[in-house]
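Below: the structure, in structure tokens.
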2 protein chains.
Amino acid sequence: MPDKNIPDIVIGRLPIYLRALQRMLAENRHVTSSQELGERLGISAAQIRKDLSQFGEFGKQGTGYSIDYLAEQIRQILNVDQVWDIAVVGAGDIGSAVARYQGFANRGMQVTMIFDNAPSKIGSKVGSFTVKDIANLESDIKRGGVKVAMIATPSEKAQEVADKLLSAGVKAILNYAPINLTVTDDVRVQYIDPVIHLQRMTYYL
Amino acid sequence: MPDKNIPDIVIGRLPIYLRALQRMLAENRHVTSSQELGERLGISAAQIRKDLSQFGEFGKQGTGYSIDYLAEQIRQILNVDQVWDIAVVGAGDIGSAVARYQGFANRGMQVTMIFDNAPSKIGSKVGSFTVKDIANLESDIKRGGVKVAMIATPSEKAQEVADKLLSAGVKAILNYAPINLTVTDDVRVQYIDPVIHLQRMTYYL
DNA sequence: TAGATTGTTAATCGATTAACAATC
DNA sequence: TAGATTGTTAATCGATTAACAATC
């Protein structure tokens, strides 16, 4: 069954499973079980088995899952058995940190370009990248065939940037600006706002 | 009813509502409705009314919600009508970006200290902060009465840092290291890993 | 008053868990 | 074989939505 409309909440857990599996591999582990994985992640074993069963049968009764094999299967499901090029828009503190971030390696992502609109930044170096002029955003992204972008501009510019990204063909946006974006429904948006996470915790303090 | 065990998923939406309300205020708006808010956020009006009704009656039939008043109520619920001091651990790209981040202002959070273990960084400046020695983490955090921290260290150090934070009395941790933390259950943890968000989107591409 | 929108109830929908036969 | 763990079904649990009386 290639695609029987999997709940998005299940898709959301797959990257978590994958990250844990890659961590286990780094610890030189080769086999795991839904129970062990669940304990590490604070998720029930039944839920992990149910989630995985949406996509196929990846385990063996009695022994569990081959970590290598399961990781590879999840990578294929998530389309991260390839490497996605990412454009970063905004070369301030956050954009620069993200462009230099080492954590994309081996996880199917790589930053390939970074844009800003400030003359003082255009042409300067951020890590190994030369900051590009945001005026060329659409043509550069189109030429590069880039489908994934991260917005790290001030809130006021974020929607405008998003509109340009869409017309350049971007289909997935990770938005660091603390504002909701309006996009066409063939485009995915995810949000990272540390304050949202922090406020969610202070309720309990 | 001060506390009838509100679902965590409801708590998780309150910061989103608050952010949208503050945005509306910045646009000089003074009244809104569950319908308008829902359209902006992609959430049903019924859900917003249901969520809010868990905490009290904040609206007026026929006219909707006073944005100012509702924002203030949500701030009180989330305990962000005060300002929480935050300790940042790790003065690399991410820790430095977070320490300098302007987005905490008026949202109940402020960074007050940043730590690292590298002699080359200790004593140097990150924004207006002088990087402190991680060796003094426990005593500095205890003395400051800090309850909220962000971890921006390499994955290998994150659990060790978390342990120290707990013994220093920290009760809420926002973890940027791509690894699951184990903590006692009086402590809240939230995670930010851009790759998790990106992989969640590439499934659909 | 007429129109609009809340707060809340009941119905629906969807997600999680428990349990177990199958089988490695 | 005996023990362990999967994949899956059915039962439970919880969250969302629809609908509407109350009322501004």
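Nucleotide C:dT12: paired with D:dA15 (Watson-Crick or G-U wobble, both distances less than 3.5 Å). Pairing for C:dC20 goes to D:dG7, judged as Watson-Crick or G-U wobble with the two contacts each under 3.5 Å.
In this model, the phosphate group of C:dA4 is not approached by any side-chain N or O of B:Tyr65 to a distance below 4.0 Å at OP1 or OP2. Side-chain N/O atoms of B:Ser34 include one lying less than 4.0 angstrom from OP1 or OP2 on C:dT6.
Residue whose closest nucleotide on DNA chain C sits further toward the 5' end, between A:Lys60 and B:Phe58: B:Phe58.
A side chain to side chain contact (heavy atoms under 4.5 Å, CB included) with A:Tyr176 is found for exactly one of A:Ile151, A:Asp193, A:Val98, namely A:Val98.
Picking from C:dT8, D:dT6, D:dT8 the nucleotide with the shortest atom distance to the side chain of B:Ser53 gives C:dT8.
Between B:Glu57 atom CD and C:dT8 atom C1' there is a gap of 9 Å when expressed in whole angstrom units. Atom CD in A:Gln61 sits about 7 Å away from atom P in C:dT23, given to the nearest Å. Regarding A:Gln73, its CD atom lies at a distance of 16 Å from the P atom of D:dT6, rounded to whole Å. Per the geometry, CG belonging to B:Leu70 stands 16 Å off P belonging to C:dT5, to the nearest Å.
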Could you give me the CA-CA distance, side-chain angles and deciding distance for A:Gln110 and A:Asp85, then say whether side chain to side chain donor-acceptor pair (under 3.5 Å) is met? CA-CA 5 Å; A:Gln110 67 180 356; A:Asp85 290 345; 2.9 Å; yes

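Residues A:Lys147 and A:Val170 come closest through the heavy atom pair O-CG1, 3.5 Å.
Counting non-hydrogen atoms of neighbouring residues, nucleotides and ligands closer than 6.0 angstrom, the CD atom of A:Gln35 reaches no more than 12 such neighbours. Crowding of A:Gln102 atom CD: a count of heavy atoms from other residues, nucleotides or ligands under 6.0 Å not exceeding 12.
A side-chain donor from one of B:Asp163 and B:Gln159 sits under 3.5 Å from a side-chain acceptor of the other.
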Under 4.0 Å protein heavy-atom contact, by nucleotide of nucleotides 9-20 of chain D - B base, S sugar-phosphate only: B-----SBBBB-

